[in-house]
Amino acid sequence: MNQAPFFQTIYVLTRKIPKGKVATYGQLARLAGNPNAARAVGACMRINPDAPRTPCHRVVAADGSLTGYSAAGGITKKKAMLLSEGVSFDGDRVDLSRSGWQVEV
DNA sequence: AAACTGACTTCTC
DNA sequence: GGAGAAGCCAGTT
């Protein structure tokens, strides 16, 4: 893989997101060691070399809104997948209070 | 090496 | 509550 080390870090974190939960870009950025690198995280998702291995659909915006997702169906499909996993939705936004990924407490 | 771009985040109006 | 602007990071060209 030609992906940069930072990207791989994001991919690993993304794969660590438990089923039925979602993480925000800022959250992954924080776990990666850069709380302000949310954009870099988004870049990783955009590239997403291992789509089936990297559940980018489990990554949402800071307020739980679904953004991006170049795949077919776009946000709509993404929402459907999350619903399929048991993620709680509030309209078009994910209910982070219930389905937000709690890394460690 | 410099500049541009981007699936972000937060503030202010 | 919705819209706009600024700031942040890393990767790619």
Side-chain angles (χ1 to χ4, degrees):
Chain A
M1 307 309 270
N2 318 336
Q3 278 62 41
F6 191 81
F7 273 44
Q8 292 199 8
T9 306
I10 299 301
Y11 297 138
V12 171
L13 291 171
T14 306
R15 293 202 301 263
K16 283 182 180 173
I17 302 174
K19 181 171 174 285
K21 298 262 178 127
V22 294
T24 67
Y25 294 94
Q27 177 117 31
L28 292 174
R30 187 167 69 76
L31 293 172
N34 298 295
N36 287 355
R39 277 189 141 170
V41 177
C44 300
M45 300 296 104
R46 181 173 72 79
I47 298 165
N48 193 13
D50 300 294
R53 247 168 72 189
T54 309
C56 47
H57 61 269
R58 286 185 192 159
V59 185
V60 299
D63 61 343
S65 55
L66 280 56
T67 55
Y69 205 67
S70 321
I75 299 164
T76 306
K77 180 77 177 194
K78 186 167 170 179
K79 180 181 169 188
M81 281 166 42
L82 291 172
L83 282 169
S84 236
E85 294 189 344
V87 175
S88 299
F89 262 82
D90 177 22
D92 285 338
R93 301 215 206 311
V94 177
D95 189 344
L96 295 174
S97 301
R98 296 203 295 169
S99 300
W101 180 30
Q102 313 286 25
V103 186
E104 286 288 310
V105 283

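Residue numbers start from 1 in every chain, and the chains themselves are labelled A, B, ... in the order their sequence lines are given, proteins ahead of strands. This one's a predicted model, so the numbers in the text were calculated from it and none came from an experiment.
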Roughly, in whole Å, what's the span from [atom1] in [X] to [atom2] in [N]?
| X | N | atom1 | atom2 | answer |
| --- | --- | --- | --- | --- |
| A:Met45 | C:dA10 | CE | P | 15 Å |
| A:Leu28 | C:dC9 | CG | P | 17 Å |
| A:Asn36 | C:dG7 | CG | P | 13 Å |
| A:Arg93 | C:dG1 | CZ | P | 11 Å |
| A:Lys77 | B:dA7 | NZ | C1' | 18 Å |
| A:Tyr11 | C:dG11 | OH | P | 10 Å |

Query raised in the report: Testing A:Lys19, A:Arg58, A:Lys21 for side-chain hydrogen bond (donor to acceptor under 3.5 Å, both in side chains) with A:Glu85, which one passes?
Result: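 Going through A:Lys19, A:Arg58, A:Lys21 one by one, the side-chain hydrogen bond (donor to acceptor under 3.5 Å, both in side chains) with A:Glu85 is satisfied by A:Arg58 alone.
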Query raised in the report: Do other residues, nucleotides or ligands put more than 12 heavy atoms under 6.0 Å from the CG atom of A:Asp92?
Result: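 Open: at most 12 neighbouring heavy atoms sit under 6.0 Å from CG of A:Asp92.
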**Report entry** Atom CZ of A:Arg15 with >12 non-hydrogen neighbours under 6.0 angstrom
**Finding:**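 Yes.
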Requested in this report: Indicate for each nucleotide in nucleotides 8-13 of chain B, in 5' to 3' sequence, whether protein heavy atoms under 4.0 Å reach the base (B), only the sugar-phosphate (S), or nothing (-).
Outcome: BSS---
Requested in this report: Could you check A:Phe89 against A:Asp95 for side chain to side chain contact (heavy atoms under 4.5 Å, CB included), going step by step and ending with a plain yes or no?
Outcome: CA-CA 5 Å; A:Phe89 262 82; A:Asp95 189 344; over 6 Å; no
Requested in this report: Using a 4.0 Å heavy-atom cut-off across all strands, classify A:Cys44 as base, sugar-phosphate, or nothing.
Outcome: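 No contact.
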**Report entry** Atom pair SG (A:Cys56) and CD1 (A:Ile47), whose distance is rounded to the nearest 0.5 Å
**Finding:**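 Between atom SG of A:Cys56 and atom CD1 of A:Ile47 there are 12.0 Å.
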Report task. Output the single nucleotide from C:dC9, B:dA7, C:dG11 whose closest atom is nearest the side chain of A:Phe6. Result ->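 Nearest nucleotide to the side chain: C:dG11.
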**Report entry** side-chain contact (heavy atoms from CB on, under 4.5 Å) partners of A:Thr24, counting only residues at least two apart
**Finding:**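 Checked A:Thr24 against side-chain contact (heavy atoms from CB on, under 4.5 Å); matches are A:Gln27, A:Val60, A:Leu96.
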